[in-house]
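Structure, as structure tokens:
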Amino acid sequence: MPELRQNFITRDWVIIATERAKRPDQFGHNSKPEIDVPDFEATCPFCPGNEAMAAHERFSYRENGIWQLRVVPNKFPALAETGESLRKIKGIFTSMNGIGIHDVVIEHQRHNATLTDISQEELLRIFKAYVERYKQIKEDPRIESILIFRNHGKSAGTSLIHPHSQIVALPVVPHQIRDRMDTAMRYFDTHGECIFCKTMQEELASGARILLETPHFVSFIPYAALSPFHIWIFPKRHESSFDNISQEELVDLGINLQTVLKKLKKGLQNPDYNITIRPIPTHDRNSEYYHWYLAIVPRLTVAAGFELGSGMYISPAIPEESAKYLREITV
């Protein structure tokens, strides 16, 4: 019989459609095989030799004068960096100046590099860039929230193959983040503990949905995963602000994330996915009730009329079976 489950943190109701559920290994059949991508592409604006296409550089990491990673402004930014954060209200109509920051992290010189085939040192460099840029941006008093994300594959929104991620800083806090903060705050006020820490404790005690536990991080498929193979990676140490992560934790996060991504690639035949880092808004640091985390969302299903009309999710994957399948894959 189908089952409705409620996500403890997001409060979303999810229909686990057992009657139409697929075996975990069947989800990879819709994924596309890897295409033959060259090491270098002459027309790619992120490839070495084409630096003039993204000439303005926030900063870069270099070895012997040669860049290994660059952080540059997005050529087609969603927001403008200059201007004031002014809110305009006229009756029921509210607007703001579209100020903010939109950066691109060019992660590697190699055009066909992926998070599953680069070294741990190279992955650590990417995380260090995230932290460094996060710290710089949060000093801007106009910025309320910072989103770090990475798209992999066409259905996940990738427009350029060259390995890159993006950082978008907003003058508002998106309602999805605000809703999760409100839920976490109410839980803390009632129970005196962090809802994220509680979730991690319960998942570890159950073990049924755990994918990987490393010294500082736990990756798992939530009890009420919003979509098939939806994965959360939680830091074991309670911390609300991503930029307070230690060097040792950054190394461990790279090991955990890369291992999980390799399992997804092998088990689901290289699916498209989105990665997001979800910290607390910039002006609400060191919170007892909020806990930053990383989410991986494979693009295995498409939202249709029911999801759009109800705001609920239908998942044809049983989280316990999905987790067991990935957990048993060796990489």
Side-chain angles (χ1 to χ4, degrees), residues 1-24 27 147 173-213 217-236 238 240 260 273-281 287-327:
M1 176 182 291
E3 181 180 26
L4 271 75
R5 295 185 180 184
Q6 188 175 37
N7 190 298
F8 191 49
I9 290 173
T10 71
R11 311 311 295 166
D12 288 300
W13 281 99
V14 181
I15 298 175
I16 306 298
T18 53
E19 301 297 319
R20 63 170 78 171
K22 300 179 182 179
R23 294 195 313 273
F27 283 94
L147 179 65
V173 179
H175 81 275
Q176 186 185 87
I177 296 175
R178 185 69 74 191
D179 285 348
R180 294 182 191 195
M181 290 175 63
D182 290 344
T183 297
M185 189 182 300
R186 286 195 298 271
Y187 185 84
F188 186 85
D189 287 344
T190 302
H191 300 280
E193 63 180 333
C194 166
I195 193 172
F196 299 90
C197 290
K198 178 65 173 177
T199 297
M200 181 166 50
Q201 291 165 7
E202 294 285 340
E203 290 290 359
L204 282 169
S206 165
R209 291 166 294 276
I210 297 295
L211 299 181
L212 180 66
E213 181 181 2
F217 289 88
V218 178
S219 55
F220 62 97
I221 295 177
Y223 170 75
L226 305 184
S227 58
F229 293 89
H230 193 127
I231 297 166
W232 284 349
I233 301 181
F234 279 16
K236 291 183 179 179
H238 176 81
S240 57
V260 170
Y273 59 79
N274 300 101
I275 295 175
T276 58
I277 293 176
R278 293 182 173 273
I280 200 166
S287 163
E288 291 184 278
Y289 67 86
Y290 198 82
H291 195 119
W292 79 267
Y293 65 98
L294 183 149
I296 307 170
V297 184
R299 292 294 186 169
L300 301 171
T301 56
V302 178
F306 175 81
E307 288 83 359
L308 297 175
S310 67
M312 292 175 63
Y313 298 85
I314 298 177
S315 178
I318 299 171
E320 293 76 16
E321 292 183 1
S322 300
K324 182 176 184 294
Y325 175 68
L326 288 182
R327 191 167 55 242

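We're numbering straight along the sequence, starting at 1. Since the structure is predicted, the reported quantities are computational estimates derived from the model, not experimental observations.
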Quick one: are the ring centres of Phe306 and Tyr313 less than 6.0 Å apart?
->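 When the ring centroids of Phe306 and Tyr313 are compared, they turn out to be at least 6.0 Å apart.
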Measure the shortest side-chain to side-chain distance between [X] and [Y] over non-hydrogen atoms and say whether it is less than 4.5 angstrom.
X      : Y      : answer
Tyr273 : Arg299 : no
Arg11  : Asp179 : no
Pro2   : Ile16  : no
Lys236 : Glu213 : yes
Pro319 : Pro222 : no
Val260 : Ile231 : yes
Arg278 : Gln176 : yes

Sequence neighbours excluded, every pair satisfying salt bridge (Lys or Arg N to Asp or Glu O under 4.0 Å) that has a member inside residues 200-211 =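 Found Lys198-Glu202, Glu203-Arg209, Arg209-Glu320.
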Which heavy atom in Val14 sits nearest to a heavy atom in Ser315, and how many Å separate them?
->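 Heavy atoms of Val14 and Ser315 come nearest at CG1-CB, 4.2 Å.
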If you round to the nearest 0.5 Å, how far is [atom2] of [Y] from [atom1] of [X]?
X      : Y      : atom1 : atom2 : value
Ile210 : Leu204 : CD1   : CG    : 4.5 Å
Asn7   : Thr199 : CG    : OG1   : 8.0 Å
Phe188 : Glu288 : CZ    : CD    : 4.0 Å
Ile296 : Ile221 : CD1   : CD1   : 10.0 Å
Leu147 : Thr276 : CG    : OG1   : 6.5 Å
Arg180 : Thr10  : CZ    : OG1   : 5.5 Å

Output all residues satisfying salt bridge (Lys or Arg N to Asp or Glu O under 4.0 Å) with Glu307, sequence neighbours left out; order by chain, then residue number.
->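 With neighbours one apart ignored, the set is empty.
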Under the rule for side chain to side chain contact (heavy atoms under 4.5 Å, CB included), what residues qualify as partners of [X], not counting sequence neighbours?
X      : result
Val297 : Ser227, His230
Ser287 : Ser240, Ile280, Tyr289, Tyr290
Leu4   : Trp13, Ile15, Met312
Arg327 : Ala323, Lys324

Is there a donor-acceptor contact under 3.5 Å from the side chain of His291 to the main chain of Pro235?
->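 Indeed, once roles are kept as given, a pair shorter than 3.5 Å links the two residues.
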Taking Ser219 for the side chain and Leu212 for the main chain, is one N or O donor matched with an acceptor at less than 3.5 Å?
->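 Yes; judged by distance alone, with no hydrogens or angles, the pair exists.
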How far apart are the C-alpha atoms of Gln6 and Asp12, what are their side-chain angles, what is the distance that settles it, and do they pass the side-chain contact (heavy atoms from CB on, under 4.5 Å) test?
-> CA-CA 6 Å; Gln6 188 175 37; Asp12 288 300; over 6 Å; no
Assess whether side-chain contact (heavy atoms from CB on, under 4.5 Å) is satisfied between Thr183 and Ile195, documenting all intermediate values.
-> CA-CA 8 Å; Thr183 297; Ile195 193 172; 4.0 Å; yes
Tell me, with the steps shown, if Phe234 and Phe217 meet side-chain contact (heavy atoms from CB on, under 4.5 Å).
-> CA-CA 6 Å; Phe234 279 16; Phe217 289 88; over 6 Å; no
Step-by-step side-chain contact (heavy atoms from CB on, under 4.5 Å) determination, Ile9 to Trp232 | CA-CA 12 Å; Ile9 290 173; Trp232 284 349; 3.7 Å; yes
According to the interplanar angle, ranging from 0 to 90°, do the rings of Phe196 and Tyr293 count as parallel (below 30°), tilted (30 to 60°) or perpendicular (above 60°)?
->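 It falls in the tilted class, 30° to 60°.
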